[in-house]
Visitor: 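Just passing along the structure, written as structure tokens.
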Amino acid sequence: MFVDPPAPQPLQPGETPPVSGSPGLPTPDMAVSWEFNPDYQRLVMMWRQVLPELDALTSSLDKAYQMARSKDVWDAPVSGRYVEEMAEWRTRLGLYRQAILTSISDQAADTPRWIPVNAGAPHAFS
């Protein structure tokens with residue numbers, strides 16, 4: 001079984017943006033305000049959307065695997081092959097889950113939570 005990577009954390013109540021590194025009067029090129037990064041928020045939403053789907057796939061495959069292993073369901077010689085194939089599907093689904101969640105987690109680790117916004121700066125191309 002794989003362990004899920006750390007999930008991107010949503011904006012917490014009371015969370016404040018980072019403080020400016022240089023005290024004193026702000027310069028024109030220094031950011032005077034911050035906003036929660038919308039790209040980071042999209043990663044949080046993506047994680048919350050993907051995780052229940054992956055959990056549903058895993059649970060339905062686990063249920064079918066448990067039924068296939070049960071001698072109450074079937075006792076045919078061919079059942080061993082189906083059980084082996086389902087075990088392989090479970091392994092592949094685990095690897096797929098790990099890859100998807102790791103890619104979201106890695107992207108979130110590389111994306112800043114807060115981005116500077118220059119107050120009063122024109123946004124010509126936004």
Side-chain angles (χ1 to χ4, degrees):
M1 190 71 180
F2 299 100
V3 176
D4 289 342
Q9 297 300 314
L11 180 63
Q12 302 297 323
E15 182 178 353
T16 59
V19 293
S20 179
S22 59
L25 294 174
T27 61
D29 56 69
M30 189 172 83
V32 292
S33 63
W34 297 85
E35 72 174 341
F36 195 73
N37 192 346
D39 291 334
Y40 191 88
Q41 183 62 33
R42 272 186 240 129
L43 292 169
V44 170
M45 299 296 286
M46 190 181 312
W47 181 280
R48 288 183 174 176
Q49 183 180 12
V50 166
L51 192 61
E53 297 294 329
L54 290 172
D55 286 341
L57 283 171
T58 302
S59 66
S60 64
L61 187 56
D62 285 345
K63 182 179 176 183
Y65 178 73
Q66 293 301 325
M67 288 178 64
R69 289 185 58 203
S70 172
K71 296 298 179 185
D72 295 337
V73 176
W74 60 12
D75 194 16
V78 75
S79 68
R81 185 180 81 218
Y82 291 121
V83 170
E84 290 172 10
E85 286 179 4
M86 289 179 126
E88 178 64 26
W89 294 342
R90 290 175 73 210
T91 302
R92 288 180 185 212
L93 182 59
L95 291 171
Y96 179 72
R97 175 190 179 104
Q98 186 72 17
I100 295 294
L101 295 180
T102 299
S103 67
I104 295 172
S105 180
D106 288 350
Q107 184 69 31
D110 293 340
T111 304
R113 289 175 58 82
W114 294 91
I115 54 174
V117 177
N118 290 331
H123 298 285
F125 299 107
S126 59

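Keep in mind that the numbers below use all heavy atoms, side chains included, and drop hydrogens, waters and symmetry copies. Just so you know, residue 1 is the first one in the sequence shown, and it goes up from there.
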Visitor: For the hydrophobic clusters of this structure (ILVMFWY residues joined by side-chain heavy atoms under 4.5 Å, transitively), does one cluster hold both Tyr40 and Trp114?
Guide: yes
Visitor: Please list, chain by chain and in numerical order, all residues satisfying salt bridge (Lys or Arg N to Asp or Glu O under 4.0 Å) with Glu35, sequence neighbours excluded.
Guide: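 Scan of Glu35 (salt bridge (Lys or Arg N to Asp or Glu O under 4.0 Å), adjacent residues dropped) gives none.
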Visitor: Taking Asn37 for its side chain and Ile115 for its backbone only, find out whether a donor-acceptor pair lies under 3.5 Å.
Guide: no
Visitor: Which atom pair, heavy atoms only, marks the closest approach of Pro10 to Arg48?
Guide: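 Between these two residues, the closest heavy atoms are CG-NH2, 3.1 Å.
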Visitor: Checking Ser70 side chain against Gln66 main chain: does a donor-acceptor pair fall under 3.5 Å?
Guide: no
Visitor: Begin with the C-alpha distance, continue with both residues' side-chain angles, and end with the deciding distance and a verdict on side-chain contact (heavy atoms from CB on, under 4.5 Å) for Gln49 and Met45.
Guide: CA-CA 6 Å; Gln49 183 180 12; Met45 299 296 286; over 6 Å; no
Visitor: Hydrophobic clustering (ILVMFWY, side-chain heavy atoms < 4.5 Å, transitive) - are Val50 and Trp47 grouped together?
Guide: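 They do share one cluster, since a chain of ILVMFWY contacts under 4.5 Å joins Trp47 to Val50.
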Visitor: Between Ser105 and Pro5 (side chain of the first, backbone of the second, donor and acceptor by atom type, cut-off under 3.5 Å), is there such a pair?
Guide: no
Visitor: To the nearest 0.5 angstrom, please state how far the CD atom of Gln41 sits from the CZ atom of Arg113.
Guide: 9.0 Å
Visitor: Please assess Arg90 against Thr58 for the test side-chain contact (heavy atoms from CB on, under 4.5 Å), listing each intermediate value before the final yes or no.
Guide: CA-CA 7 Å; Arg90 290 175 73 210; Thr58 302; over 6 Å; no
Visitor: Taking a hydrophobic cluster as the set of Ile, Leu, Val, Met, Phe, Trp and Tyr residues connected by side-chain heavy atoms closer than 4.5 Å, whether directly or through intermediates, do Trp34 and Val44 fall within one such cluster?
Guide: yes
Visitor: Can you check whether Arg42 reaches Pro38 side chain to side chain, under 4.5 Å on heavy atoms?
Guide: yes
Visitor: Testing Ile100, Asp4, Ile104 for side chain to side chain contact (heavy atoms under 4.5 Å, CB included) with Leu51, which one passes?
Guide: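 Among the candidates, only Asp4 passes.
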Visitor: Starting from the C-alpha separation in whole Å, work towards a yes-or-no answer on side-chain contact (heavy atoms from CB on, under 4.5 Å) for Leu54 and Tyr96.
Guide: CA-CA 9 Å; Leu54 290 172; Tyr96 179 72; 4.1 Å; yes
Visitor: Is the number of heavy atoms from other residues, nucleotides or ligands under 6.0 Å of Glu88 CD greater than 12?
Guide: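 More than 12 within 6.0 Å, yes.
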Visitor: Roughly how far, to the nearest 0.5 Å, is CD of Gln9 from CD of Glu15?
Guide: 9.5 Å
Visitor: If you look only at pairs with a residue in residues 50-70, which of them pass as a ring-ring contact (aromatic ring centres under 6.0 Å, His included), with sequence neighbours excluded?
Guide: none
Visitor: Kindly work out whether a path of hydrophobic side-chain contacts (I/L/V/M/F/W/Y, heavy atoms less than 4.5 Å apart) joins Leu57 to Met86.
Guide: yes
Visitor: Side-chain heavy atoms under 4.5 angstrom apart, residues restricted to Ile, Leu, Val, Met, Phe, Trp, Tyr: same cluster for Trp89 and Leu95?
Guide: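 In one cluster: no.
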